[in-house]
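Worksheet for the structure shown next.
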Amino acid sequence: MLIRALIVLLAILNLGIAAWWLSRPDAVAPAVPPQPQGVPRLQLPDEAPVAAAAGIANPAAAQEAPATPAVTAPPAPSPQHCYALGPFDEEAAARAAAVRLGAQATRTREEPAAASAYTVFLPPAADRDVAQTVAQRLGAAGFDDFLVIANGELANGIALGRYRNRDSALRRQAALREAGFNPQLQPVGQTGASKWWADVSVAADAAVGQARRIDCVALR
């Protein structure tokens, strides 16, 4: 009888404990303190897959990444045209005209007055022997149209030809310079005075009047 009573008592106790366990209230989680402003939240290792699935590698970094400023393309340069301004009696007047137009590039050049002929020559040497040595160098370089001047202001100089056309004289001068000589060009029978031109590069919409259009390559 005693053993049976103990068994009944233990059963009653087990039922009471089970009923209390089932009827007890759920535990309340402790309150999380607010996150300070400007401080990123720590990320647990197991939160990385969730963030990656949302398309964010690092949520804290994504919140703080500065916006990239838009890049503005520089404006395209305005088209340029090149002109020859002139003729002018003085170089200063040619330069002043270029300034008034707001020229981006300027080159002034002199245009000699018209002449009946043009002489190409080498200036006088120290003496006759030096002049003869230069003449030999001319012959060795392939030039045969020259003459050592015997008297006058150009004595011991070397005449290299007289040309009715200035362009022909300039070509002769250029060929001699390429060979290492330094010839000069002198007009003969010149009348009047030299004129000046200003070659300029200006905006395509600039008002240049009746100026002559030229190739811009000349100003480079």
Side-chain angles (χ1 to χ4, degrees), residues 80-204 206-220:
Q80 298 286 305
H81 287 170
C82 296
Y83 298 91
L85 308 179
F88 299 93
D89 293 334
E90 298 178 354
E91 183 180 12
R95 291 189 180 278
V99 172
R100 288 196 299 270
L101 281 177
Q104 301 298 318
T106 304
R107 180 192 65 176
T108 56
R109 53 187 171 85
E110 183 181 12
E111 184 178 274
S116 59
Y118 299 88
T119 298
V120 182
F121 66 96
L122 289 175
D127 53 43
R128 184 78 175 181
D129 291 339
V130 175
Q132 292 291 352
T133 301
V134 175
Q136 293 174 2
R137 288 178 49 212
L138 285 168
F143 298 98
D144 53 7
D145 185 12
F146 60 86
L147 174 67
V148 177
I149 302 173
N151 48 52
E153 294 182 357
L154 296 180
N156 297 326
I158 300 178
L160 299 166
R162 174 174 290 195
Y163 301 86
R164 296 180 60 86
N165 183 280
R166 186 170 183 269
D167 290 339
S168 299
L170 288 174
R171 286 194 294 269
R172 173 71 164 177
Q173 184 183 40
L176 287 159
R177 284 179 174 173
E178 289 180 0
F181 301 95
N182 189 26
Q184 297 183 10
L185 186 143
Q186 181 178 19
V188 178
Q190 188 176 20
T191 58
S194 299
K195 297 294 183 180
W196 287 90
W197 292 79
D199 297 335
V200 300
S201 173
V202 296
V208 295
Q210 301 298 319
R212 178 166 52 90
R213 186 81 175 269
I214 62 172
D215 190 349
C216 287
V217 175
L219 292 176
R220 293 177 185 172

Would you call L176 and L138 a side-chain contact if the rule is heavy atoms closer than 4.5 Å? yes
Specify the closest pair of heavy atoms between P124 and E153, including all atoms of both residues, with the distance to one decimal. CG-O, 3.9 Å
Might you confirm whether atom CZ of R128 has over 12 heavy atoms from other residues, nucleotides or ligands at distances under 6.0 Å? yes
Note, L185 side chain near L170 side chain (heavy atom, < 4.5 Å): yes
By side-chain hydrogen bond (donor to acceptor under 3.5 Å, both in side chains), R109 pairs with (sequence neighbours left out) D199
Could you tell me which non-hydrogen atom of A135 sits nearest to which non-hydrogen atom of F146, and how far apart they are? O-CZ, 3.4 Å
R172 side chain to V120 backbone, donor-acceptor under 3.5 Å: no
Donor-acceptor pair, side chain of S116 and main chain of V188, under 3.5 angstrom: yes
What's the separation between atom CD in E110 and atom CZ in F88, rounded to the nearest 0.5 Å? 14.5 Å
Step-by-step side chain to side chain contact (heavy atoms under 4.5 Å, CB included) determination, Q184 to L122: CA-CA 6 Å; Q184 297 183 10; L122 289 175; over 6 Å; no
Report yes if some heavy atom in the side chain of R171 is under 4.5 Å from a heavy atom in the side chain of D167; otherwise report no. yes
How many angstroms lie between CZ in F181 and CD in Q173, if you round to the nearest 0.5 Å? 14.0 Å
Is the number of heavy atoms from other residues, nucleotides or ligands under 6.0 Å of N151 CG greater than 12? no
Shortest non-hydrogen contact between W196 and A94, atoms and distance: CB-CB, 4.3 Å
For residues L85 and L101, determine if any side-chain heavy atom of one lies less than 4.5 Å from a side-chain heavy atom of the other. yes
Identify the two heavy atoms, one from I158 and one from A131, that lie closest to each other, and give their separation to 0.1 Å. CD1-O, 3.7 Å
Distance-minimising heavy-atom pair for V202 and A103: CG1-CA, 3.8 Å
What do you reckon, is CD of E90 surrounded by more than 12 foreign heavy atoms closer than 6.0 Å? no
Looking at A155 and A150, what are the two nearest heavy atoms and their distance? CB-O, 3.8 Å
Main-chain N/O of T119 paired to Q186 side chain as donor or acceptor, under 3.5 Å: no
